[in-house]
2 protein chains.
Amino acid sequence: MADNDTSKLSAALEDYLEAILNLSAERGVARSRGIADTLGVARSSVTRALRSLADRGLVNYEPYGIVTLTDDGLRIAETVARRHEIIQSFFVNVLGVEKDIAQKGACEAAHALGPAIIDRLMGFIEFVNDSHKNGDDLVGRFRQFCKNRPAAKDKTPSKATRRKATKTLAHAKPGQKVRLTSINAGQKLRSRLAALGLVPNVEITVVSTGRPGPFMINVKGSKIALGKPMVDKIIVE
Amino acid sequence: MADNDTSKLSAALEDYLEAILNLSAERGVARSRGIADTLGVARSSVTRALRSLADRGLVNYEPYGIVTLTDDGLRIAETVARRHEIIQSFFVNVLGVEKDIAQKGACEAAHALGPAIIDRLMGFIEFVNDSHKNGDDLVGRFRQFCKNRPAAKDKTPSKATRRKATKTLAHAKPGQKVRLTSINAGQKLRSRLAALGLVPNVEITVVSTGRPGPFMINVKGSKIALGKPMVDKIIVE
DNA sequence: TTGAAAAGTTAGCCGAGACTAACTATATTA
DNA sequence: TAATATAGTTAGTCTCGGCTAACTTTTCAA
């Protein structure tokens, strides 16, 4: 019983519970060393985590003893393990992601996704299996679909995601024409730049973006060299 | 360029970048207050995060100034935002999860899932859309499938997930017969229990599990009352 | 133009969760 | 059964990412 703390468990402590469950199942018994190895943390970290879990009434733990789950701990551990498996199964069996990559992603995602999403996900996996029994090989069709599709790079934002962030002069490319919107600096700097013709609404043509050399721009016919700190302060569109 | 740190960014800092990107797009400019409101953190936390991001060369930031993303920061922010959207789109448009629940889950999962999984997920969404164009309403079929399926509870582990964790006497139900495997305690306690007939391999019948009253067991015809601390130390199968 | 309100920063605190180094308890085995 | 190896704990430190309270800067309106 102990504290029966209502507050949600941290992802780290959930991982400890899951590790204890797995070790219990695999080796018959969970010991500190095994937990440390499984999670890749120091033994001392395990000691502290076990004390914390014992305080919450989730494990039976006493110094130098073996670790067992209480009813409450078992319930949580099984929930986490189940989420983990459902997510991993989706990644591997539906999406066709490599097992070790899926493993890593599923482990983290298991803490992020609530019951509603997990239930739907499991339902979806069942749906896919069911379809297969009825002669519709969804996964096979998906694999085929992937082959005919140019691989999208994670780094390249899709049009749907593209946003217009506030741009500074530093974002501009050589030859590009931009309009000065504002200057992100104090009074004195603004008036210094104003003396060079750099005022709101003026048109700027980028000559070269430095690296090496200074950042060169053309404003109303006159070339101006700017240092990196300036370039970051000039907001353009 | 500043530091150009190779180390991976924390989930929290990724969230700051994403918030800056969104604010830039929505309000034209990102300021400290807006970031604090968006993320629901104190303004002072934002100040510190911005300093950290500026140190890594991801934002242009100076005290009291507005915040803009550098090229590197923009790249990361867009990547995170894209992941976020892809995951959320999957939850909402494929799984049919409610938008605000999906929102929360997707936000956290966006930090957990790497390029490989994200790419597949996006591919899958495209596949579903493509199927729909070709007359196969996958999502509709899934919805229908869900209706005919008894809702699974998140808390109840499926048989596939069920594991045999190390059980203590505390897990046993009244009337249940178990066999004592070992006792998780020191020499002195073990011999005390041995005097009561509690030795490895002995059969134990659970009479009552306490709450209220003591935990009662039957060992070779004799009834024994055990305290909670004892019950947790007796490993059974 | 000045003075209050809003925005932003500083300083100091906290808890979680990791680490290392040094110590102690338990197990093994010669 | 004593010596040693292994397991486990303690103590102290660090980083991260929150927080509050108090202070400073900027903005805006009278």
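Labels below follow one simple rule: chain letters A, B, ... track the order of the sequence lines, proteins then strands, and each chain is numbered from 1.
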- prompt: Counting only non-hydrogen atoms, which of residues 60-68 of chain B are less than 4.0 Å from DNA chain C?
  reply: B:Y61, B:P63, B:Y64

message: Classify the ring geometry of B:F90 against A:F90: parallel below 30°, tilted from 30° to 60°, perpendicular beyond 60°.
response: tilted

statement: Here the distance between atom P of D:dG18 and atom CZ of B:R51, to the nearest Å, is 15 Å

message: I need the B:K177 NZ to B:I217 CD1 distance, nearest 0.5 Å.
response: 13.5 Å

- prompt: Do B:S52 and B:R56 meet the criterion of a side-chain donor-acceptor pair at a distance under 3.5 Å?
  reply: yes

- line: Counting primed atoms, P, OP1 and OP2 as sugar-phosphate and everything else as base, the B/S/- map of nucleotides 14-22 of chain C against protein heavy atoms under 4.0 Å is ---BBBB--

query: How long is the line joining CZ of B:R31 and P of D:dT25, in whole Å?
result: 17 Å

- prompt: Nearest-Å distance, CD1 (B:I35) to P (C:dG8)?
  reply: 9 Å

query: Closest approach of B:V67 and B:L50, non-hydrogen atoms and distance?
result: CG2-CD1, 3.7 Å

- prompt: Do B:I101 and A:I117 have side chains that get closer than 4.5 Å, going by heavy atoms?
  reply: yes

message: What is the separation between atom CG on B:L17 and atom P on D:dG17, rounded to the nearest whole Å?
response: 12 Å

Length of the line joining B:D15:CG and D:dG18:C1', which is rounded to integer Å: 13 Å

message: Are more than 12 heavy atoms, taken from residues, nucleotides or ligands other than A:E203, located less than 6.0 Å from that residue's CD atom?
response: yes

- prompt: Charged N to carboxylate O below 4.0 Å: is that the case for B:D71 and B:R75?
  reply: no

message: For a salt bridge (charged side-chain N to carboxylate O under 4.0 Å, His left out) check, start with the C-alpha distance between A:E62 and B:K233, then their side-chain angles and the critical distance, and finish with the verdict.
response: CA-CA 10 Å; A:E62 269 171 282; B:K233 290 188 177 68; 2.9 Å; yes

- request: Nearest whole angstrom, please: distance from the C1' of C:dT26 to the CZ of B:R190.
  value: 11 Å

- request: Calculate the interatomic distance between B:K8 atom NZ and D:dC16 atom P; express it in whole Å.
  value: 14 Å

statement: B:D37 atom CG is separated from C:dA6 atom P, nearest whole Å, by 13 Å

- prompt: Any Lys/Arg nitrogen of A:D100 or A:K104 sitting under 4.0 Å from an Asp/Glu carboxylate oxygen of the other?
  reply: no

